[in-house]
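The basis for the numbers below is simple: all heavy atoms, side chains too, and nothing from hydrogens, waters or symmetry mates. Sequential numbering from 1 along the given sequence is applied to the chain's residues. Note that this is a predicted model, so its numbers are computed, not measured.
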Amino acid sequence: MHDRDVRLVITPDPEFGPEAAERLTRRLRAEIAALDVGSVRSEPGGPAPDGAKSGDVVTLGALVVALSASGGVFTALIDTVRDWLGRSSARHRVSVTIGGDTIELERATDAERSALVEAYVRRHTAPPADRPADE
């Protein structure tokens, strides 16, 4: 991954089967691809679990989003993930990692999710001079 790549790991509700989880991931990927991102791709996985079908193995629910140079695309990406989670009544989670910093988003109250996400977005959109020295 590059410095401006964002890794999204979608953990579907445990009640969902593999096919339903794959459809969810494809829907989120399509929504992200509609943003002004450089690219969105599935992340290659390790060996298939016992009993899995043959073919190309992809870590179910893992996407890597290359951010474009246009301002505000990271915020738009996070907003898209939040909206996607908010539209579902299921208990899906999405881990978002950029530069080794991870936040896990799930169905929470709007206020809880907003406070968490705003702090995370600020850390990754502030000009370098405004960032704390430990980043």
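One finds the CG atom of Leu24 at 9.0 Å from the CG atom of Asp13 (value rounded to the nearest 0.5 Å). Distance check: Ile32 CD1 to Trp84 CH2 gives 9.0 Å after rounding to the nearest 0.5 Å. Distance check: Ile10 CD1 to Leu105 CG gives 11.0 Å after rounding to the nearest 0.5 Å. Interatomic distance, CG of Leu67 versus CG of Leu35, reported as 10.0 Å (0.5 Å rounding). The CG atom of Leu8 lies 10.0 Å from the OG1 atom of Thr25; values are rounded to the nearest 0.5 Å. For the atom pair CZ of Arg82 and CG of Leu77, the computed distance is 12.0 Å after rounding to the nearest 0.5 Å.
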Practice task
Verify side chain to side chain contact (heavy atoms under 4.5 Å, CB included) between Val94 and Val9, making sure each step is shown before the conclusion.
Solution key: CA-CA 5 Å; Val94 178; Val9 178; over 6 Å; no
Exercise for the section: Assess whether side chain to side chain contact (heavy atoms under 4.5 Å, CB included) is satisfied between His92 and Leu28, documenting all intermediate values. Expected result: CA-CA 12 Å; His92 308 304; Leu28 179 58; over 6 Å; no
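In this structure, a donor-acceptor pair under 3.5 Å is absent between the side chains of Arg7 and Thr102.
For the side-chain hydrogen bond (donor to acceptor under 3.5 Å, both in side chains) test, residues two or more places apart in sequence or in another chain that qualify with Glu31 are Arg87. Scanning for side-chain hydrogen bond (donor to acceptor under 3.5 Å, both in side chains) contacts around Arg26 gives Glu22, with sequence neighbours left out. For Ser95, the side-chain hydrogen bond (donor to acceptor under 3.5 Å, both in side chains) partners at least two apart in sequence or on another chain are Glu104. Remark: Ala20 engages Phe16, Arg23 in a side chain to side chain contact (heavy atoms under 4.5 Å, CB included) (not counting sequence neighbours). Residues passing the side-chain hydrogen bond (donor to acceptor under 3.5 Å, both in side chains) test with Ser39: none are found, sequence neighbours excluded.
A pairwise comparison of heavy atoms in Val40 and Ala33 identifies CG1-CB, 4.5 Å as the closest pair. Leu85 and Glu106 get closest at one heavy-atom pair: CD1-N, 4.0 Å.
In this structure a side-chain-to-backbone donor-acceptor pair under 3.5 Å is missing from Arg91 to Pro14.
Between Val6 and Val64, every side-chain heavy-atom pair lies at or beyond the 4.5 Å cut-off.
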